[in-house]
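Structure, as structure tokens:
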Amino acid sequence: MLVLSRKKNESIVINNDIRIVVVEIRGDKVRLGVEAPREVPVHRHEVYEAIQRSNEASEATDSSLDN
């Protein structure tokens, strides 16, 4: 894991087309802005995990219908 230090309004760039900006720092919370192409999905980790669980459940249902 790469760990970087950034201040408010500073950013990092990923793969030339994704930009992460520190928008606000308040106490122990950091607000980040993400600029990415529309075709690149961007989710909070807990939302990503819920999507993955839903996809796995859907695939399991589809598999049971095929048998």
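Worth saying up front: this structure is predicted, and the values here are computed from it rather than measured. Atoms considered below: every heavy atom in the structure, side chains included; atoms not considered: hydrogens, waters and symmetry mates.
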Checklist line | Pairwise salt bridge (charged side-chain N to carboxylate O under 4.0 Å, His left out) hits with a residue in residues 40-55, at least two apart | finding: R44-E46

Notebook entry, point to check: For residues 2-12, which residue pairs qualify under side-chain hydrogen bond (donor to acceptor under 3.5 Å, both in side chains), counting only residues two or more places apart or in two chains?
Noted result: S11-R19

Item checked: Qualifying residues under side-chain contact (heavy atoms from CB on, under 4.5 Å), relative to D17, sequence neighbours excluded -> N15, P37

Next item on the list: Supply the members, apart from L4, of the Ile/Leu/Val/Met/Phe/Trp/Tyr cluster built from side-chain contacts under 4.5 Å; use none for a lone residue.
Entry: L2, I12, I14, I18, I20, V22, I25, V30, L32, V34, V40, V42

Item checked: Fellow cluster residues of M1, listed by chain then number, with links counted only when side-chain atoms sit under 4.5 Å apart -> V3

Item checked: For R26, side chain to side chain donor-acceptor pair (under 3.5 Å) partners two or more places apart -> E24

